[in-house]
> 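The structure that follows is given in the form of structure tokens.
Quick caveat, the model's predicted, so the values are computed rather than measured.
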Amino acid sequence: MPKSRIRKKADFTPPPAAKQAANIKLTSRSWVAPVMLALFLIGLVWIVLFYVTEGELPVQSFGNWNIVAGFGFIAAGFGVSTQWK
């Protein structure tokens with residue numbers, strides 16, 4: 001039986017680089033990390049303080065809503081973290 005012909009593939013040549021990728025300058029947002037960490041810590045301290053003082057602190061009139069306030073600070077920290085580049 002005769003052998004089939006082997007087709008030679010053309011070598012790959014990349015297309016000419018017509019445009020260079022533009023350098024993207026990321027703006028410096030040096031305020032994001034400190035604010036984010038501060039909000040995380042405030043929320044954590046708020047919740048721990050509520051449990052340790054058995055509801056007397058940080059705001060006694062809030063009652064169990066102090067937990068929601070603490071998690072609100074933590075959620076705000078996550079919201080600020082979206083601005084980090």
> Could you give all pairs that pass the side chain to side chain donor-acceptor pair (under 3.5 Å) test and reach residues 50-61, with sequence neighbours left out?
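Qualifying pairs: none.
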> For Leu49, which fellow cluster members are found when Ile, Leu, Val, Met, Phe, Trp and Tyr are connected by side-chain heavy-atom distances below 4.5 angstrom, either directly or through intermediates?
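The other cluster members (ILVMFWY side chains, heavy atoms under 4.5 Å, direct or chained) are Leu57.
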> Enumerate the residue pairs fulfilling ring-ring contact (aromatic ring centres under 6.0 Å, His included) with a member in residues 61-82, sequence neighbours excluded, ordered by first and then second residue.
Phe40-Phe78, Trp46-Phe73
> Which atom pairs, donor and acceptor, lie under 3.5 Å between side-chain atoms of residues 30-39 and protein residues at least two apart or in another chain?
none

> Linking I/L/V/M/F/W/Y whenever their side-chain heavy atoms sit closer than 4.5 Å, directly or via other members, would Leu41 and Ile47 fall into one cluster?
no
> List for me each residue that meets side chain to side chain donor-acceptor pair (under 3.5 Å) alongside Gln83, sequence neighbours excluded, and say none if there are none.
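For Gln83, the residues satisfying side chain to side chain donor-acceptor pair (under 3.5 Å) (neighbours in sequence not counted) are Arg29.
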> In the hydrophobic clustering that connects Ile, Leu, Val, Met, Phe, Trp and Tyr at side-chain heavy-atom distances below 4.5 Å, which members other than Val48 occupy its cluster, ordered by chain and number?
Leu44, Val52
